[in-house]
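Shown next, in structure tokens, is the structure this report addresses.
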Amino acid sequence: MKKVYANAAEALDGLLFDGMFIAAGGFGLCGIPELLIDAIKDAGTKDITVASNNCGVDDFGLGILLQTRQIKKMISSYVGENAEFMRQYLSGELELEFNPQGTLAERMRAGGAGIPGFYTKTGVGTVIAEGKPHMDFDGVTYVLERGIVADLSIVKAWKADTSGNLVFRKTARNFNPPAATCGKVCVVEVEEIVPVGSLDPDTIHLPGIYVTRIIQGEHEKRIENRTVRNKESV
């Protein structure tokens, strides 16, 4: 089965539709599938629900899909450095389902593992748990969270071989592995594609069985926040 495609638009061909549910890897601007996001923007797909830790910044990452009003709902952990995200949410233009980071990661992992739901203590007694089933285990109250199964996963890795085995680089690993597993289809962008057998099996973070299509491309290395300290004050 062909897995390597020439570009993002080709890799997403036939997979996009209005009202779809997308799980996106990345954390802030680290390890985000920027080329695939740009292709979704260009395709004009609308009314999208996106599960991702946050929504990038105003002019980069998932933030560009907010600017074009293609996202209907975000399932995420925080607003981050995105003024348009905050504006749309406060004005009622954007639906938002807040999830604690660990809960969101586990919802993706559970969906990818075929687990429909799990109980967690996180969020009990807060608005996060309102309307959700509760259960006591050993005298402690837990809230039921549902596993996430998305129509499409879009993720960013460092290297892939032609069968789809993936290696992530340091903190860019973040939400990418669980996001990759929970989609019915998974499209990955990487910095380098190598022949099968080139990767040390012990270094592979995600096996190719989860990966449907791969593209290689050039990526912009942005920093979301940088702290500068006066050397004399140290």
Side-chain angles (χ1 to χ4, degrees), residues 15 17 19-28 30-33 36-37 47-56 61-62 71-80 82 85 89 94-157 164-168 170-188 204-212:
L15 302 180
F17 57 91
M20 71 184 304
F21 184 9
I22 297 176
F27 186 103
C30 179
I32 63 171
L36 295 167
I37 293 169
D47 295 328
I48 303 170
T49 295
V50 177
S52 187
N53 180 66
N54 63 301
C55 204
L62 289 169
I71 296 177
K72 178 183 71 174
K73 179 179 179 179
M74 282 297 304
I75 303 173
S76 58
S77 294
Y78 71 108
V79 173
N82 194 320
F85 189 169
Y89 170 58
L94 177 72
E95 296 178 49
L96 174 59
E97 181 182 338
F98 267 130
N99 267 200
Q101 284 183 353
T103 298
L104 181 58
E106 181 62 10
R107 289 184 68 191
M108 291 181 178
R109 191 205 66 81
I115 299 170
F118 60 91
Y119 282 95
T120 176
K121 291 192 293 184
T122 306
V124 172
T126 73
V127 294
I128 298 295
E130 290 180 0
K132 298 176 182 177
H134 289 62
M135 182 74 72
D136 284 358
F137 295 93
D138 301 319
V140 179
T141 301
Y142 294 75
V143 61
L144 178 66
E145 294 284 356
R146 295 296 306 271
I148 286 175
V149 178
D151 297 307
L152 170 68
S153 295
I154 54 172
V155 304
K156 162 74 165 53
N165 295 307
L166 302 182
V167 178
F168 299 94
K170 299 184 178 181
T171 58
R173 192 170 174 180
N174 54 58
F175 274 74
N176 278 297
T181 66
C182 74
K184 297 174 184 175
V185 179
C186 176
V187 182
V188 183
I204 292 171
H205 297 128
L206 189 76
I209 192 172
Y210 291 106
V211 176
T212 312

### Task
Would you check, one step at a time, whether the test side-chain contact (heavy atoms from CB on, under 4.5 Å) holds for Leu206 with Thr181?
CA-CA 9 Å; Leu206 189 76; Thr181 66; 3.8 Å; yes
Please check if the side chain of [X] supplies one atom and the backbone of [Y] the other of a donor-acceptor pair under 3.5 Å.
X      : Y      : answer
Asn54  : Gly28  : yes
Asn53  : Ser77  : no
Asn82  : Val79  : no
Asn174 : Cys30  : yes
Thr49  : Lys73  : no
Thr212 : Val185 : no

Could you grab the distance from atom [atom1] of [X] to atom [atom2] of [Y], nearest 0.5 Å is fine?
X      : Y      : atom1 : atom2 : result
Leu152 : Met20  : CG    : CE    : 4.5 Å
Ile128 : Thr122 : CD1   : OG1   : 10.0 Å
Phe98  : Met74  : CZ    : CE    : 9.5 Å
Thr103 : Met108 : OG1   : CE    : 12.0 Å
Phe21  : Ile48  : CZ    : CD1   : 12.0 Å
Ile204 : Phe168 : CD1   : CZ    : 11.5 Å

### Query
Between His205 and Leu166, is any pair of side-chain heavy atoms under 4.5 Å apart?
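No; the side chains remain at least 4.5 Å from each other.
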### Query
Would you say the side chain of Val149 lies within less than 4.5 Å of the side chain of Cys182, judging by non-hydrogen atoms?
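When only atoms from C-beta onward are counted, Val149 and Cys182 do not touch, as no gap falls below 4.5 Å.
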### Task
Using the side-chain contact (heavy atoms from CB on, under 4.5 Å) rule, take Lys121 and Val140 through it: C-alpha gap first, then chi angles, then the decisive distance, then the call.
CA-CA 8 Å; Lys121 291 192 293 184; Val140 179; 3.4 Å; yes
### Query
In terms of side-chain heavy atoms, does Thr141 have a donor or acceptor partner in Asp136 at a distance below 3.5 Å?
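Asp136 and Thr141 do have a side-chain donor-acceptor pair below 3.5 Å.
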### Message
Evaluate Leu36 against Lys156 for side-chain contact (heavy atoms from CB on, under 4.5 Å), listing each step before the verdict.
### Response
CA-CA 9 Å; Leu36 295 167; Lys156 162 74 165 53; over 6 Å; no
Non-hydrogen atoms of [X] and [Y] that approach each other most closely:
X      : Y      : answer
Ser52  : Ser76  : O-CB, 2.9 Å
Ala157 : Val167 : CB-O, 3.7 Å
Leu62  : Cys55  : CB-SG, 3.6 Å
Val188 : Cys186 : CG2-SG, 3.7 Å
Ala51  : Ile148 : CB-CD1, 4.1 Å
Ala150 : Ile22  : CB-C, 4.2 Å

### Query
Would you call Glu97-Arg107 a salt bridge at under 4.0 Å N-O?
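Yes, Glu97 and Arg107 are salt-bridged.
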### Query
What do you reckon, is NZ of Lys132 surrounded by more than 12 foreign heavy atoms closer than 6.0 Å?
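Yes, NZ of Lys132 has more than 12 neighbouring heavy atoms, counting only those of other groups under 6.0 Å.
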### Query
Any ring-ring contact (aromatic ring centres under 6.0 Å, His included) pairs touching residues 112-135, not counting sequence neighbours?
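Counting only pairs at least two positions apart or across chains, the ring-ring contact (aromatic ring centres under 6.0 Å, His included) contacts touching residues 112-135 are Tyr119-Phe137.
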